[in-house]
Visitor: 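One structure is given below, represented as structure tokens, and several questions about it will come after.
By convention in this document, chain letters (A, B, ...) are assigned in the order of the sequence lines, proteins followed by strands, and residues within each chain are numbered from 1.
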Amino acid sequence: MKKNLTDTSRRNDRLAEAVIRIGGALVIVSVVWILVMISQVALPLFFPASAKMVASVKLDSSVAAKKIVALGVEDSGKAAFTLDENGSFSFIKINDASILATEKAPNIPAGANRIVSAESRGNSVYSLLWDNGSISSVKVELASAKDSAGEYSFTHEVVSEPELSFSAASGVKQSFARPIEGKGSVRVNLLADDRLQVQHQLIEKDLLGNDKRSDSTALITDPLPGKLSALTLDSKGHYLYAGTENGMLLRWDISEPDGVNLLDTVQASDRRHAITSLTLALGDVSIAVGDANGRFSSWFPVKVAGSGEDKRLTRIHTLRPNAGAVKNIIASPRDKTVFSTDSKTIYADHLTSERALLTIKPAEVVRQIALSPQGTTLLALGDGGKLMLWKLHIPHPEISFSTLLGKVWYEGYDKPEYAWQSSAANDDFEPKLSLVPLVFGTIKATMFAMLFAVPLALLAALYTSQFMSPKLKGRVKPVVEIMAAIPSVVIGFLAGLWLAPLIDKYILTLFLALLIVPVPLLITIFFWKQIKPASALYKIMRGNEFIAMVPVIIAGVWLAFVAGALLEPTLFAGDFKQWLYSILGIRYDQRNSIIIAIALGFAVIPIIFTIAEDAISNVPKNLTAASLALGASRWQTAWRVALPSALPGVFSAVMIGFGRAIGETMIVLMATGNTPIMSLSLFNGLRSLSANIAVEIPEAPLNSSLYRTLFLSALLLFVFTFIINTVAESLRQKFRKKYGRY
Amino acid sequence: MKQFWKTGEPYVLATGGTLAIILVMTITLVGVVLSNGLGYFWPRELIKLELKDGSAALGQIVQHEKDPHLGGKRIQLKVGNRDLSGQDFRWIDESDIVRKSVPNDAMLLERREHGNYFGFLKAVTAEGIPLNVTAPLDALEQVRKIVEGKQTETENRKKEMSNLNVDVERLRLKLLKLEYGGREKNASEIAELTSLREKKLADFSKLNEKITADQAEIAKITAQFSDITGAVKDIAVIDIIAAQSPNSMSLFAKSAAYLERIRELLLDDPRESNTEGGLFPAIFGTVMMVLLMSLFSLPFGVIAAIYLREYARDGLMTRIVRIAVNNLAGVPSIVYGVFGLGFFVYGIGGSIDSLFFPERLPTPTFGTGGILWSSLTLALLTVPVVIVATEESLASIPKGVREGSLALGATKFQTLMRILLPMATPGIMTGLILSMARAAGEVAPLMIVGVVKLAPTLPFDLDFPFFHAERKFMHLGFHIYDVGFQSPNVEAAKPMVYVTTMLLLFIVIVASSTAIYLRNRMRARYTTSTF
């Protein structure tokens with residue numbers, strides 16, 4: 001039995017040892033796992049886009065024989081449709097190119113035989129220009145459904161849009177038609193003699209509620225700098241863009257039926273190549289311009305210096321060039337991505353981030369390209385009648401290192417800027433995710449807090465370890481440790497709801513306090529000198545000086561209040577903040593950097609104090625004793641012997657406090673205005689990386705760009721505090737080893 | 001004098017001054033919280049102010065201040081009656097006041113909605129209820145008692161309804177599961193459970209109707225009040241939570257009211273979007289989460305500390321583990337929250353959902369924040385505290401004890417379990433208490449992984465399986481943030497926030513002081529042993 005007992009205990013011992021070793025390793029695993037997990041979510045931001053070819057089929061000869069004017073594909077990539085010049089829609093099943101059905105376009109205008117061109121207005125709506133100059137509008141609905149066996153079934157319909165139809169006109173080469181919300185429609189014609197004609201069809205309700213139609217036609221009489229080579233109209237029928245054969249880009253405002261204004265004439269192609277393709281990106285603000293040499297850029301109106309409030313069309317982004325002349329540009333229906341083709345290659349680029357997303361080389365020369373309604377599938381029709389289909393995966397086109405860290409020229413802005421604005425009310429809003437304002441805010445808050453906390457904490461630590469009597473030390477240190485235990489949400493709440501209004505009211509007092517509080521201190525110093533050494537008072541006070549300092553400080557603060565109350569009405573006309581604004585031009589926000597400096601400093605002081613005091617106290621007593629024995633006063637010993645020896649420990653204390661201040665969330669969330677601005681002023685708010693995560697992540701859609709960017713900022717915080725903490729800890733270890741402590 | 005400066009004594013005083021500044025700041029912080037928080041409970045007098053323009057105002061004086069624009073003094077008066085006048089507070093210049101008086105019969109009502117009411121009782125309308133007193137005040141007391149009695153019946157019915165509700169929900173989830181498994185396969189069971197569910201729903205609505213009818217009856221019992229301007233308002237007696245005449249209360253009565261308010265704070269549920277009422281769910285949630293967190297962090301922390309102190313050889317591995325512990329301590333808490341969201345909530349929670357609760361998708365069960373994920377996240381956050389405290393206590397045990405035990409033939413594990421850990425228990429307790437205090441105050445990670453403004457149920461109740469790990473909960477620290485910064489009416493909610501802050505501060509300070517005391521005693525015990 002004894003042997004069994006020994007065996008059991010030995011087995012338990014080995015088992016326990018294994019478990020304990022695993023436990024120790026688990027600590028390392030946790031840290032590494034946190035890093036890995038956050039990177040796993042953050043790094044896909046930078047993964048490249050991909051396009052997978054899923055089908056390449058030859059069109060049925062009956063369809064391929066006729067000239068195809070329009071092409072469309074459905075999101076699942078299983079069905080597509082074509083429109084030929086006779087007005088027949090053919091619905092095609094992709095995997096075997098079989099024809100599902102053929103439908104004739106509804107409401108073909110009288111006397112029309114052939115479609116000259118079909119313009120896609122997005123959302124599978126097409127305006128058809130017929131040979132007699134009339135326009136009809138159709139919407140194609142193609143949907144697929146997958147049943148439980150995995151088989152696809154398709155529904156298709158072609159619906160006519162009667163509101164947007166125009167009667168016949170003669171001599172029309174190219175035509176655009178747009179509905180005007182609530183008012184009617186507008187049509188722009190390029191006539192055979194290369195003149196532009198604007199036709200408005202307005203339906204207004206008169207006083208009795210009847211519809212009143214008014215038609216108006218206007219010719220654009222502005223002299224054109226060259227022959228027109230490209231035209232496009234925005235979706236509201238407001239602005240007309242034209243490109244010429246000598247590379248000029250023109251913009252007209254055609255919204256008023258009785259007057260057409262030429263707004264801009266700019267040189268779009270500096271080598272004077274003909275503009276071959278114009279398309280507006282999502283949101284109708286930016287226009288993508290492609291020329292005959294393959295150059296590709298985007299423009300939008302911007303306020304320029306010297307033109308006052310007027311906006312001039314300016315080149316914003318220059319994208320990578322196409323190899324040949326840009327034949328066609330289509331805009332993605334989801335974001336600012338544009339697809340351009342020079343017939344041999346299809347390029348996908350993102351306008352704002354200037355990222356080259358995809359380069360697709362199809363097997364055949366491309367005649368037409370089309371995107372599915374959700375922008376997930378790309379269809380191309382080749383010259384030899386081949387239909388090629390790609391599934392697109394472009395998860396985060398607007399993010400790149402330069403958009404996160406550099407200045408970006410966002411749509412509607414006058415110049416490139418750093419901006420953080422993750423959401424807005426409208427659908428075609430472009431999220432502005434730049435980390436620079438947040439990093440700036442973090443550093444600003446931390447710097448101000450350290451400026452406040454480090455002198456206070458270090459000098460107090462010096463006093464506590466070198467001059468304070470041991471009995472008092474035993475009482476003061478627990479108070480500071482309790483100060484360290486105060487939750488940051490409490491500090492933040494008091495800073496935001498008590499301190500901020502208080503300082504708002506008494507800002508002058510705060511500035512005066514910096515000048516006035518030393519005065520009672522100097523008075524006390526004078527009277528201190530009078531205390532004779534070896535007197536009873538001296539014996540009591542030595543080591544307990546700080547007890548006498550408490551009423552001195554309180555007296556100083558009270559004096560500052562009194563002075564503020566006296567000075568404000570006389571010197572600053574009763575309102576210091578107003579004086580700041582009118583004389584110095586400084587705007588005062590209630591929750592500003594002063595508050596955050598005090599609050600964050602308050603949170604960080606106990607940490608710096610504890611570690612610094614520990615370090616200074618660990619300086620061997622023989623050093624300080626020797627200094628005192630050689631005749632140095634206690635201050636000279638502390639300042640010139642103890643403090644320099646403890647410098648590594650003090651430095652690591654400051655670093656650990658710095659690390660804590662960088663990561664602090666609740667205080668910054670509650671005590672600042674949370675505005676992501678970049679301003680060095682003491683009187684403005686800020687937004688830090690950590691507060692930004694806390695504010696934005698509950699609303700961020702899973703795995704969206706915003707979500708991943710927030711994880712990226714968490715990764716930045718992690719890496720940064722890792723570096724700071726490791727360096728600080730190794731310094732501390734070195735210091736301990738140097739002085740031989742445990 | 002110059003000599004005095006040369007010795008550096010003035011600088012000593014200056015550094016003493018910096019320490020004084022730090023201590024004054026701390027004491028100011030605690031003082032502000034206490035003064036604003038403690039005053040919340042004391043029933044303040046209602047002051048009637050008659051103004052120069054003939055009108056009058058009745059309310060509690062909140063603060064005096066100097067008007068920043070005109071220079072004179074002015075008073076902020078809490079006038080209540082939010083539903084009548086639209087504002088809770090009024091600023092009145094002292095120069096406008098003709099007379100200040102303290103009317104004895106002024107009453108303060110705490111109501112279920114619209115905040116406090118200040119006014120005078122006129123009459124009590126209670127049809128069909130025999131009252132044997134004539135004075136309106138006594139009538140009000142009696143009627144309130146009767147209404148309270150009727151309420152117990154309603155409370156019982158509500159409890160029954162709650163049980164029915166739980167059953168109905170459980171049946172719905174069971175039905176979802178059966179339907180997911182195959183409608184034709186389980187058709188008979190589905191039909192059976194569906195009819196059972198319908199029956200319970202019918203019972204539920206019957207009880208609901210009865211309660212509604214009862215409430216309509218009770219609501220007819222009203223009391224007529226008039227405010228200081230003379231406007232008459234009928235307030236249903238059931239909406240009155242407390243009625244006091246603070247001006248005519250004796251010191252004893254006021255103390256009793258004080259204690260009653262403390263009881264309400266600690267044991268009642270919150271009302272009016274957390275700006276009034278009690279903190280019970282928040283306290284309960286915080287305590288539950290802290291206990292659950294200790295369940296995870298204590299074993300992990302103690303084992304890691306034992307490894308570092310007893311089993312690790314001085315070398316690269318130990319250095320790496322120490323660096324890892326240091327980093328766990330230094331990582332910002334929001335990064336833990338983000339990690340908890342990505343890994344625990346969406347990663348593990350999402351997998352649990354698709355494995356065990358696929359029929360409930362897309363409504364998440366574990367794939368959303370909850371008390372389990374919050375506790376795990378905070379356990380990871382507070383593990384370094386436990387590790388450091390345990391390590392310190394193990395280090396302070398003299399080496400001779402270990403050697404003696406090994407010499408007597410015990411294995412390392414036996415030494416650990418029977419001698420070292422019991423001796424180190426005060427240190428482990430210190431670490432545990434410090435980690436609990438830290439967790440009670442951490443808000444940032446919790447905001448992301450499972451705390452809510454108002455939780456309809458507690459994570460621990462009497463329905464099987466008793467502990468619901470997927471439920472969201474309320475937390476004291478988050479309560480402070482939410483009520484202070486996301487309330488519709490922050491000024492009126494401020495007293496509540498101060499009280500919550502006071503409670504949280506009290507818990508944290510008591511816990512920290514206990515931990516420090518234990519640690520000092522432990523140090524004293526071991527520094528003197530010689531072996």
Visitor: Just by modelled atom types, is the F413(B) backbone N or O under 3.5 Å from a matching donor or acceptor in the D13(A) side chain?
Guide: yes
Visitor: Sort M37(A) into side chain, backbone, both or neither according to what part of it lies under 4.5 angstrom from a heavy atom of chain B.
Guide: side chain
Visitor: Does a side-chain heavy-atom distance below 4.5 Å link P384(B) with V27(A)?
Guide: no
Visitor: Which atom names give the shortest non-hydrogen contact between G330(B) and N725(A), and what distance separates them?
Guide: CA-ND2, 3.2 Å
Visitor: Check whether R21(A) gets within reach of chain B through its side chain, its backbone, both or neither, counting any heavy atom under 4.5 Å.
Guide: both
Visitor: Is it the case that more than 12 heavy atoms not belonging to W639(A) sit under 6.0 Å from its CH2 atom?
Guide: no
Visitor: Over all heavy atoms of both residues, which pair between I22(B) and L456(A) is shortest? Give the atoms and the distance, please.
Guide: CD1-O, 3.9 Å
Visitor: What closest approach, in Å, do A714(A) and V335(B) show between heavy atoms, and which atom pair accounts for it?
Guide: O-CG2, 3.7 Å
Visitor: Please classify the contact of V24(B) with chain A as side chain, backbone, both or neither, using a heavy-atom distance under 4.5 Å.
Guide: side chain
Visitor: Which region of L23(B), side chain (C-beta onward) or backbone (N, CA, C, O), has a non-hydrogen atom less than 4.5 Å from a non-hydrogen atom of chain A, or is it both or neither?
Guide: side chain
Visitor: Please classify the contact of V490(B) with chain A as side chain, backbone, both or neither, using a heavy-atom distance under 4.5 Å.
Guide: side chain
Visitor: Non-hydrogen atoms of chain A under 4.5 Å away: do they reach the side chain of L29(B), the backbone, both or neither?
Guide: both
Visitor: Give, as side chain, backbone, both or neither, the part of V33(B) having an atom under 4.5 angstrom from any heavy atom of chain A.
Guide: side chain
Visitor: Considering only heavy atoms from C-beta outward, does the side chain of T28(B) approach that of W498(A) to under 4.5 Å?
Guide: yes
Visitor: Could you tell me whether the side chain of I34(A) reaches within less than 4.5 Å of the side chain of L380(B), counting heavy atoms only?
Guide: yes
Visitor: Can you find a pair of side-chain heavy atoms, one from L416(B) and one from I20(A), that are under 4.5 Å apart?
Guide: yes
Visitor: Flag the pair Q414(B) / N12(A) as yes when at least one side-chain heavy-atom distance between them is below 4.5 Å, and no otherwise.
Guide: no
Visitor: Taking all heavy atoms of A485(A) and all of V508(B), pick out the closest pair and write down the distance.
Guide: O-CG1, 3.2 Å
Visitor: What residue, out of Y517(B), F339(B), Y498(B), Y336(B), has the most heavy-atom pairs lying under 4.5 Å from chain A?
Guide: F339(B)
Visitor: Short question: side chain of K494(B), backbone of L497(A) - any donor-acceptor pair under 3.5 Å?
Guide: yes
Visitor: What pair of heavy atoms forms the shortest contact from M549(A) to L13(B), and how long is it?
Guide: SD-O, 3.3 Å
Visitor: Heavy atoms only, distances under 4.5 angstrom: which of A329(B), G337(B), A324(B), S512(B) has the most pairs with chain A? Name it, please.
Guide: A324(B)
Visitor: Please find the pair of heavy atoms, one from A694(A) and one from M447(B), that lie closest to each other, and give the distance.
Guide: CB-CE, 3.7 Å
Visitor: Determine whether L26(A) and F300(B) make a side-chain contact, defined as any pair of heavy atoms from C-beta on separated by less than 4.5 Å.
Guide: yes
Visitor: Does any backbone or side-chain atom of A444(B) lie under 4.5 Å from a heavy atom of chain A? Answer side chain, backbone, both or neither.
Guide: both
Visitor: Is there a side-chain contact between L669(A) and F485(B) in this structure, where contact means two heavy atoms from C-beta onward sitting under 4.5 Å apart?
Guide: no
Visitor: Does a salt bridge link R634(A) with E9(B), judged by any charged N lying under 4.0 Å from a carboxylate O?
Guide: yes
Visitor: Please flag which part of T665(A) lies under 4.5 Å from any non-hydrogen atom of chain B: side chain, backbone, both or neither.
Guide: side chain
Visitor: Against chain B, label L689(A) side chain, backbone, both or neither, depending on which of its atoms sit under 4.5 Å from a heavy atom there.
Guide: neither
Visitor: Should V12(B) and Q466(A) count as side-chain neighbours, where that means a heavy-atom distance under 4.5 Å?
Guide: no
